[in-house]
Amino acid sequence: MRNLSLIDQVFVEIDEAVRTLAANKTVGSFRPDKEYSDDHMSLQTKTLSGKLIRVNHCGEVCAQALYRGQKLISKDKKIKDFMEEAASEETEHLAWCGSRLNELNTKTSILNPVFYAASFTSGILAGIAGDKFSLGFVAETEKQVVKHLDKHLSLLPEEDIKSRVILEEMKKQEEGHKESALANGGRELPAAIRRIMSTLSKVMTKTTYWI
Ligand SMILES: [Fe+2]
Ligand SMILES: [Fe+2]
């Protein structure tokens, strides 16, 4: 592929951001082995599930932005390929959460653009700190995501079997992203940075639950 100029890259990133935020990335909806009906779910249960899935949808918006930012900065083809591959699974997660939100009649978070911008900037900064740091950043992010998904799996209403199947599948793949980042040379991040990441993700999860 030809080398893109800086201006080209800016336009590519704007296009990616717009498509992510407009939920316009076409990779289809999640197709579990069997069909799940929501007919047995009460309105109250659907509302609770919708709030939880909205948080996860925003998490996937952030994942897109993080990987885009990191890929943009890295000069190493192997690292760029790794980011690209992980990002394509994140694109599926984004679509699964997006279509599940529709099924639950819940809107995406109005804060998505804010968290996209913040995550893209974090990805750029992690990239500037070097590939080993950047991969360590992926590993730490995914570790925190898995912990968060475990919490959401425990909060999800028993009746919402389809959302559970989706979150469990996502969790499996996020664990895979963590392992690959470590296998590719990711190093452990300083405790202070891990704490900042955890605080920022709490801000995201607590706000997008409501709006
Ligand atoms: Fe994901
Ligand atoms: Fe991931």
Side-chain angles (χ1 to χ4, degrees), residues 16-17 19-21 23-32 49 51-72 74 78-102 108-109 111-112 115-116 118-120 122-124 126-127 131 133-153 155-156 162-189 194 197-198 200-202 204-205 208-209:
E16 281 289 333
R19 287 193 303 123
T20 298
L21 294 167
N24 198 16
K25 289 197 166 176
T26 50
V27 289
S29 59
F30 184 61
R31 296 193 206 291
S49 282
K51 286 176 172 175
L52 294 169
I53 298 295
R54 176 165 57 221
V55 174
N56 292 295
H57 179 266
C58 182
E60 296 303 332
V61 165
C62 293
Q64 294 291 314
L66 267 179
Y67 282 117
R68 295 294 316 172
Q70 287 174 286
K71 186 185 160 221
L72 185 69
S74 180
K78 208 177 105 192
I79 307 289
K80 277 185 182 284
D81 288 347
F82 165 78
M83 297 292 176
E84 182 91 57
E85 197 184 313
S88 81
E89 281 187 349
E90 304 294 2
T91 308
E92 291 185 3
H93 300 174
L94 181 71
W96 300 346
C97 289
S99 63
R100 189 64 186 140
L101 274 184
N102 283 336
T108 56
S109 171
L111 298 173
N112 281 352
F115 288 116
Y116 188 99
S119 302
F120 188 74
S122 305
I124 298 250
D131 286 333
F133 183 97
S134 196
L135 288 165
F137 192 80
V138 170
E140 179 60 28
T141 304
E142 299 291 11
K143 192 173 138 194
Q144 293 188 12
V145 169
V146 168
K147 212 170 130 195
H148 153 84
L149 285 171
D150 273 333
K151 188 179 165 199
H152 267 202
L153 281 164
L155 294 174
L156 205 61
K162 187 168 181 183
S163 296
R164 184 170 300 278
V165 173
I166 290 173
L167 295 192
E168 273 168 358
E169 186 62 28
M170 276 164 50
K171 185 184 152 192
K172 220 188 297 166
Q173 296 189 356
E174 312 299 15
E175 263 162 356
H177 298 159
K178 183 190 91 184
E179 294 306 326
S180 315
L182 292 174
N184 275 285
R187 66 171 170 84
E188 195 178 1
L189 302 186
R194 297 203 306 267
M197 289 166 72
S198 165
L200 290 177
S201 69
K202 276 193 190 108
M204 187 278 272
T205 55
T208 56
Y209 181 83

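Each ligand, and each atom within it, is numbered from 1 in the order the structure gives. FYI, side chains are in, hydrogens and waters are out, and symmetry mates aren't considered; it's all heavy atoms of this structure. Note that the structure is predicted; figures quoted are calculated from it, not measured.
- Between the side chains of Glu90 and His93, a donor-acceptor pair is found at a separation under 3.5 Å.
- Using the six-membered ring where Trp is involved, Phe120 and Tyr116 have ring planes that are parallel, under 30° apart on the 30 and 60° scheme.
- Its N, O or S atom nearest to the Fe ion (ligand 2) is what matters here, and for Glu142 that atom is OE2.
- Ionic pairing of Glu174 and Lys171 is not present here: no N-O contact between side-chain nitrogen and carboxylate oxygen is shorter than 4.0 angstrom.
- Shown here are the protein N/O/S atoms lying under 2.8 Å from the Fe ion (ligand 1), water excluded: Glu60 OE1, Glu60 OE2, Glu90 OE1, His93 ND1, Glu174 OE2.
- Considering OG1 of Thr205 and NE2 of His148, their distance stands at 6.5 Å, rounded to 0.5 Å.
- Panel note: side chain Arg54, backbone Leu101; no donor-acceptor pair is recorded below 3.5 Å.
- A search for salt bridge (Lys or Arg N to Asp or Glu O under 4.0 Å) contacts involving Arg187 returns nothing, not counting sequence neighbours.
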